[in-house]
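These values consider heavy atoms only, across backbone and side chains, with no hydrogens, waters or symmetry-generated copies.
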Amino acid sequence: MDEKKITNIEVKKKNRNKVFRYICDQGTVSNPEIAYHLKLSLPTVTQITKELIGKGLVEEQGELESTGGRRAKALSAVVNVRMAVGLDITKNHITLVLTNLIGEILRYERINQPYSAEDVYYQQVNEKLETFLEAAGVDVSKILGIGISFPGIIDLDQEKIPYSHVLEVEEVSLSRLGSFFSYPCFFLNDANAGAFAEGFCGQERERFFYLSLSNTVGGAVYSRNELVQGSHFRCGEVGHMTIVMDGRRCYCGKAGCLDAYCAAGRLSDAAGGKLERFFALLDQGKEEAVSIWNTYTDYLAAAVNNIHMILDCDVILGGYVGSYIGLHLQELWEKTAARNTFEEKEPYVSACHYKVASAALGAALKVIEGFISQI
């Protein structure tokens, strides 16, 4: 096949992809609108939507209101024609999410399931996943695959998890884990998964840093619709940057890591292990909660400012704490801004869009993205 023909095929695929994404984003749209906004010719768009209709990915939904001439046909994506499952594995729970081509959460479930590296654990997880899909009443032939979020480094080149301090495992083969499930599996670090969910469905940003504040602290860089993985798939691991020299002991064995100061447990431990209760006490102005929060946000503000100084981008707070921080975001911003050398007036720190199951959703959306990119 000559180079010119390959180039034409690539251009057609790129245009088809752009058109389908635009239809998904807009909900209902016409060929003329697509042509205008994507700067493509009307015949090109018409041919592409005809192909997408033939593939069962787009359907006609009557006609739009007339703007003076002939009424244009209304086109919509068939968003449930394909779906994906997200599975988030943590030390004590698994979270399952079913989503469609536009990232809608069709079903969600969080199950108590203490982690074990034994085969029986993954067999039990697979059983729960099958029960989850059965309860959803979904046609399993529509399932593209499973996105699995894992709290550890995911080396996609060597297809393994080199280590997970949280789950106390090393050198875990991805193919071995995938063998327990009946669907294709894609693996993603939990913070990367949360970031991908924000990037896929949130407001458009050229680049942002996702700071995950859960039982552990993690992070991810999202740039131009892609995760930045790093040379060894460790990009964004801010939980283990030193925030205090010779400070508190971190679970990784080192001293002074950000994780030791900003993990969700620093707050929930003061409220019987319930983060929701801690924020309720904080809202009530309880002295102990206010004192703990002030100390927590001192360290968090320093970390957010450091990240912003290095990357010069927005910082999204995710994880458990990010889900509750909304009412207290202004206070954190003021502390962060006070540390900023450049006196930026526009806040560059915000709370996450997804408050529940973000890692599971992001892992599932990585599967969805793989499908959409090949349309």
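Judged purely by atom type and a 3.5 angstrom limit, Glu171 has no side-chain atom pairing as donor or acceptor with the backbone of Lys160. Asn225 places no side-chain N or O within 3.5 Å of a backbone atom of Gly199 that could act as its donor or acceptor partner. Checking side-chain atoms of Ser350 against main-chain N and O of Ile316 turns up no donor-acceptor pair under 3.5 Å. Formation of a donor-acceptor pair under 3.5 Å by the Tyr261 side chain with backbone atoms of Leu300 is not found in this model. Checked by atom type and distance alone, the side chain of Ser149 never pairs as donor or acceptor with a backbone atom of Asp88 at under 3.5 Å. With hydrogens and angles disregarded, a donor-acceptor distance shorter than 3.5 Å links the side chain of Arg207 to the backbone of Leu311. Checked by atom type and distance alone, the side chain of Asn126 never pairs as donor or acceptor with a backbone atom of Tyr122 at under 3.5 Å. Remark: the backbone N or O of Asn294 is paired with a side-chain donor or acceptor of Lys335 at under 3.5 angstrom.
Ser76 pairs by the side-chain hydrogen bond (donor to acceptor under 3.5 Å, both in side chains) definition with Thr28, not counting sequence neighbours. Judged as a side-chain hydrogen bond (donor to acceptor under 3.5 Å, both in side chains), and not counting sequence neighbours, the contacts of Asp119 are Arg176.
Atom CD of Glu331 has more than 12 neighbouring heavy atoms from other residues, nucleotides or ligands inside a 6.0 Å radius. Atom CD of Glu118 has 12 or fewer neighbouring heavy atoms from other residues, nucleotides or ligands inside a 6.0 Å radius. Within 6.0 Å of CD on Glu334 lie more than 12 heavy atoms contributed by other residues, nucleotides or ligands. In Lys355, the NZ atom is crowded: over 12 heavy atoms of neighbouring residues, nucleotides or ligands sit closer than 6.0 Å. Heavy-atom neighbours of Arg248 CZ from other residues, nucleotides or ligands within 6.0 Å: above the threshold of 12. Around the NZ atom of Lys18, the shell of radius 6.0 Å holds more than 12 heavy atoms that belong to other residues, nucleotides or ligands. A 6.0 Å sphere centred on CD of Glu287 holds no more than 12 heavy atoms belonging to other residues, nucleotides or ligands. More than 12 heavy-atom neighbours from other residues, nucleotides or ligands sit within 6.0 angstrom of CG on Asn92.
Residue pairs meeting the side chain to side chain donor-acceptor pair (under 3.5 Å) criterion with at least one member in residues 307-319, sequence neighbours excluded: Arg205-Asp314, His308-Glu344. For residues 28-39, the set of pairs meeting the salt bridge (Lys or Arg N to Asp or Glu O under 4.0 Å) definition, not counting sequence neighbours, is empty. Sequence neighbours left out, the pairs with a member in residues 96-110 that pass side chain to side chain donor-acceptor pair (under 3.5 Å) are Asn80-Asn100, His93-Arg110, Asn100-Glu104.
For the residue pair Lys142 and Val81, the shortest heavy atom distance occurs at CG-O, 3.6 Å. In plain terms, the two heavy atoms of Asn189 and Gly152 that are nearest each other are ND2-O, 2.9 Å. Ala193 and Leu188 make their closest contact through CA-CD2, 3.5 Å (heavy atoms, listed as atom of the first residue, atom of the second, distance). When every heavy atom of Ser212 is checked against every heavy atom of Gly319, the shortest pair comes out as OG-CA, 4.1 Å. Shortest non-hydrogen contact noted between Leu98 and Phe132 is N-CZ, 3.8 Å. Taking every heavy atom of both residues into account, Ser373 and Gly370 meet most closely at OG-O, 2.9 Å.
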Check the pair Ile161, Ile154 against side-chain contact (heavy atoms from CB on, under 4.5 Å), reporting the backbone distance first and the verdict last. CA-CA 5 Å; Ile161 301 168; Ile154 309 293; 3.7 Å; yes

Take Glu168 and Lys91 through the salt bridge (Lys or Arg N to Asp or Glu O under 4.0 Å) test and state the conclusion after the steps. CA-CA 10 Å; Glu168 300 178 345; Lys91 190 171 185 178; 5.3 Å; no

Stepwise side-chain contact (heavy atoms from CB on, under 4.5 Å) test for Thr49 and Ile34: CA-CA 10 Å; Thr49 56; Ile34 298 170; 4.1 Å; yes

How far apart are the C-alpha atoms of Arg266 and Tyr299, what are their side-chain angles, what is the distance that settles it, and do they pass the side-chain contact (heavy atoms from CB on, under 4.5 Å) test? CA-CA 12 Å; Arg266 303 302 304 178; Tyr299 292 116; over 6 Å; no

Are Ser182 and Glu130 close enough, and set up right, to give a side-chain contact (heavy atoms from CB on, under 4.5 Å), and what steps lead you there? CA-CA 9 Å; Ser182 304; Glu130 295 293 351; 3.7 Å; yes

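Using a 4.5 Å cut-off on side-chain heavy atoms (C-beta onward), Leu96 and Leu87 make contact. Side-chain contact between Val166 and Tyr115: absent, with no pair of heavy atoms (C-beta onward) separated by less than 4.5 Å. The shortest distance between side-chain heavy atoms of Asn15 and Leu40 falls below 4.5 Å. Side-chain contact between Phe279 and Trp293 is present, with heavy atoms from C-beta onward closer than 4.5 Å. Taking the side chain as every heavy atom from C-beta outward, Tyr251 and His240 approach each other to under 4.5 Å. Counting only heavy atoms from C-beta outward, the side chains of Cys313 and Phe209 approach each other to under 4.5 Å. Leu361 places none of its side-chain heavy atoms less than 4.5 Å from the side chain of Phe200. Side chains of Lys12 and Thr44 form no contact here, defined as non-hydrogen atoms less than 4.5 Å apart.
The hydrophobic cluster containing Met309 does not contain Met241, counting ILVMFWY residues as joined when their side-chain heavy atoms lie under 4.5 angstrom apart, directly or transitively. Hydrophobic clustering, with ILVMFWY side chains joined whenever heavy atoms are under 4.5 angstrom apart, keeps Ile325 apart from Tyr210. Taking hydrophobic clusters as Ile, Leu, Val, Met, Phe, Trp and Tyr residues chained together by side-chain heavy-atom distances below 4.5 Å, Tyr354 does not share a cluster with Tyr320. Note: the hydrophobic cluster containing Phe181 also contains Phe150 (ILVMFWY, side chain heavy atoms under 4.5 Å, direct or indirect links). Residues Leu327 and Leu329 do not share a hydrophobic cluster, clusters being chains of Ile/Leu/Val/Met/Phe/Trp/Tyr side chains in contact below 4.5 Å.
In this structure, CD in Gln26 is found 12.5 Å from CG in Leu75, a value given to the nearest 0.5 Å. How far CD1 of Ile368 is from SG of Cys24: 10.0 Å, rounded to the nearest 0.5 Å. Note that the CD1 atom of Ile23 and the OG atom of Ser30 stand 10.0 Å from one another [nearest 0.5 Å]. In this structure, CZ in Phe208 is found 6.0 Å from CD in Glu198, a value given to the nearest 0.5 Å. Note that CG of Asp190 is 5.5 Å distant from OG1 of Thr216, once rounded to the nearest 0.5 Å. Considering CG of Leu213 and OH of Tyr324, their distance stands at 14.0 Å, rounded to 0.5 Å.
Clustering of Ile, Leu, Val, Met, Phe, Trp and Tyr by side-chain heavy atoms under 4.5 Å joins Tyr36 with none of the others.
Residues Glu127 and Gln123 have side chains that never bring a donor and an acceptor to within less than 3.5 angstrom of each other.
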